[in-house]
Amino acid sequence: MRNFSSIVLTPFCFIIATLIYLPRQVFAQKSTSKSYYFFSNMSDTLSEINFTNWQSTIDKDDSKKYLISLGDNNLQNLNRMAAFFRDGKNYYISGDQDYDKNSLKPFLGQVDGYTPLNKKKYCPEPETLKINENATIVSINTNWFLDSNIQLLARSENCTTFNENDFYESLESILEDYQSEGHHIFLVMHHNSTSFTKRSGKAISNYNWIPVIGQSYISYKKHIGGKQDLTGELYERFVQKMNDILQKYDNICVITGHDYVSHIAEIGTNVSINVHSGSSSYRYSNEKGIKFISDHPEYLKITFDDHKASLRFSTMEKEIVLYSFLEDSLKESKELWKDKKID
């Protein structure tokens with residue numbers, strides 16, 4: 001009798017146990033959320049605690065993950081970040097430090113696991129990457145505008161955009177098409193068109209104490225600038241034209257690297273975000289429109305989930321939700337800004 005009970009009850013108990021303890025993911029609907037991680041300027045050695053904390057945060061994220069390098073990240077850090085995203089997809093755009101100054105070949109061509117957002121190495125033409133039915137990334141190779149050598153190399157790539165006028169017409173056509181369809185547009189590029197640091201001749205009054213040289217340096221940064229400063233001749237022309245175009249549109253989120261602080265700022269009806277993940281930083285000025293600014297090493301995370309999106313900067317110490325909105329009502333999201341700074 002005991003043997004008969006064992007024969008009958010054992011399969012029954014196994015079935016009950018299986019139904020109770022079977023992992024929830026077998027029955028649960030597969031997550032449809034997506035997270036995009038942006039980082040930039042990791043050209044130096046980042047502290048181990050930064051990587052440890054970032055990896056811990058990323059490992060807890062069960063959404064579909066995408067990594068986007070905004071440029072100027074050295075090979076060691078690129079490989080380290082890519083190791084966190086083995087199950088995701090990794091993209092890059094080139095920064096001004098991502099080229100061999102002798103051959104002008106992009107260093108990132110040597111890194112496994114990254115796909116270029118801009119399919120051609122040197123052409124300026126904008127490319128698009130669909131996030132979902134309501135949001136799209138538009139990427140630009142800004143190096144073309146600031147380096148005449150890259151413009152020469154672009155001639156061998158059969159670019160569809162041959163001059164600045166062609167590029168801006170192409171960009172406006174893309175922005176108009178996607179915005180007319182109700183898409184939220186994330187304009188992604190390395191060089192920033194908004195700066196609150198010495199890149200644009202701001203926050204450099206601390207050089208005043210150096211006789212003659214200090215004042216000369218300040219005047220140079222404010223009025224002349226180098227090739228990678230917003231006041232440089234080519235850069236200034238690029239910034240002016242981009243700003244002229246962007247003010248025609250609403251709620252475009254411009255995401256850049258290059259500058260050595262992280263910021264979020266409202267520029268007219270649009271949003272400017274700069275991501276800085278390196279340990280070096282610049283002084284910055286606090287100005288009207290700034291919603292967040294920090295000189296800590298950080299990455300930017302944008303998550304799309306159930307017709308909502310959240311935007312946050314993460315440091316090695318904390319993760320702060322800075323901005324969230326419904327995907328179909330970005331215009332109404334201004335009230336959701338949170339003025340936060342990391343001390």
Side-chain angles (χ1 to χ4, degrees), residues 38 40-41 70 72 142 146 185-209 214-215 217-226 228-233 235-278 280-300 302 311-315 320-325 330-331 333-343:
F38 299 82
S40 181
N41 303 331
L70 294 169
D72 291 356
T142 52
L146 307 180
I185 299 170
F186 294 85
L187 185 59
V188 176
M189 53 192 185
H190 174 71
H191 291 89
N192 47 307
S193 55
T194 300
S195 172
F196 305 101
T197 73
K198 66 180 182 180
R199 288 281 192 203
S200 58
K202 299 175 182 176
I204 51 176
S205 58
N206 56 301
Y207 288 92
N208 267 324
W209 66 274
Q215 287 81 1
Y217 178 77
I218 291 172
S219 181
Y220 170 78
K221 283 290 186 180
K222 285 184 175 180
H223 304 293
I224 301 173
Q228 300 302 325
D229 291 328
L230 275 69
T231 48
E233 182 181 359
Y235 205 149
E236 187 175 41
R237 189 169 73 198
F238 169 73
V239 168
Q240 183 61 56
K241 189 62 180 178
M242 287 297 295
N243 288 340
D244 288 345
I245 289 173
L246 290 172
Q247 69 181 6
K248 299 177 185 179
Y249 303 91
D250 294 325
N251 302 303
I252 291 177
C253 184
V254 183
I255 302 176
T256 62
H258 192 57
D259 214 353
Y260 279 27
V261 298
S262 294
H263 77 239
I264 301 179
E266 290 181 351
I267 308 297
T269 57
N270 298 309
V271 177
S272 168
I273 300 175
N274 191 81
V275 184
H276 174 58
S277 311
S280 301
S281 62
Y282 290 154
R283 291 175 179 266
Y284 56 82
S285 60
N286 282 298
E287 298 183 22
K288 183 180 179 181
I290 294 177
K291 299 301 176 181
F292 168 85
I293 192 162
S294 169
D295 56 5
H296 291 239
E298 291 158 342
Y299 62 80
L300 171 71
I302 301 179
L311 181 155
R312 64 197 73 195
F313 271 112
S314 294
T315 69
I320 299 179
V321 177
L322 297 158
Y323 186 41
S324 61
F325 53 86
L330 183 55
K331 280 190 175 182
S333 67
K334 298 298 184 185
E335 63 189 38
L336 297 177
W337 279 111
K338 295 179 181 180
D339 291 300
K340 294 220 177 183
K341 295 181 182 179
I342 297 175
D343 298 319

Q: For the residue pair N192 and H258, confirm or rule out a side-chain donor-acceptor distance under 3.5 Å.
A: no
Q. Is the side chain of N270 donor-acceptor paired with the backbone N or O of N251 at a distance under 3.5 Å, no angle test?
A. yes
Q.
Taking side chain to side chain donor-acceptor pair (under 3.5 Å) as the definition, give me every residue that meets it alongside T194, ordered by chain and number, with sequence neighbours left out.
A. none
Q. Does the side-chain contact (heavy atoms from CB on, under 4.5 Å) test come out yes or no for Y260 and T197, once each step is laid out?
A. CA-CA 8 Å; Y260 279 27; T197 73; over 6 Å; no
Q: Answer with yes or no after comparing the ring centroid distance for H191 and F238 against a 6.0 Å cut-off, counting only values under it.
A: no
**Q.** Rounded distance [0.5 Å steps], NZ in K198 versus CG in D259
**A.** 10.0 Å
Q) What's the spacing between F196 CZ and I293 CD1 if we round to 0.5 Å? A) 6.5 Å
Q) Of all heavy-atom pairs between L246 and L187, which one has the smallest distance, and what is that distance? A) CD2-CD2, 4.0 Å
Q. With a 3.5 Å cut-off and no angle check, do the side chains of D244 and Q240 form a donor-acceptor pair?
A. yes
Q) Is the closest side-chain donor-acceptor distance between N274 and T256 under 3.5 Å? A) yes
Q: Write down the atom of S40, the atom of L70, and the distance for their closest heavy-atom approach.
A: CB-CB, 3.7 Å
Q) Nearest heavy-atom pair of S285 and I290: which atoms, and what distance? A) O-CD1, 3.4 Å
Q. Where is the tightest heavy-atom contact between S281 and H276, given as atom of each residue plus distance?
A. CA-NE2, 4.2 Å
Q. Under the side-chain contact (heavy atoms from CB on, under 4.5 Å) criterion, do T142 and L146 qualify, and how do the steps go?
A. CA-CA 7 Å; T142 52; L146 307 180; 5.5 Å; no
Q: Please round to the nearest 0.5 Å and tell me the distance separating atom CD1 of I264 and atom CD1 of I255.
A: 9.5 Å
Q) Between T269 and Y249, is there a donor-acceptor pair closer than 3.5 Å when you use the side chain of the first and the backbone of the second? A) yes
Q. Taking all non-hydrogen atoms of both residues, which atom of V275 and which atom of F38 are closest, and how far apart?
A. CG1-O, 3.5 Å
Q) Is S262 close to H296 at the side-chain level, that is, under 4.5 Å between some pair of heavy atoms? A) no
**Q.** Any side-chain heavy-atom pair of M189 and V254 under 4.5 Å
**A.** yes
(Q) Treating S277 as the side-chain partner and N41 as the backbone partner, does any N or O pair qualify as donor plus acceptor under 3.5 Å? (A) no
Q: Drop me the distance from K241's NZ to S193's OG, to the nearest 0.5 angstrom.
A: 14.0 Å
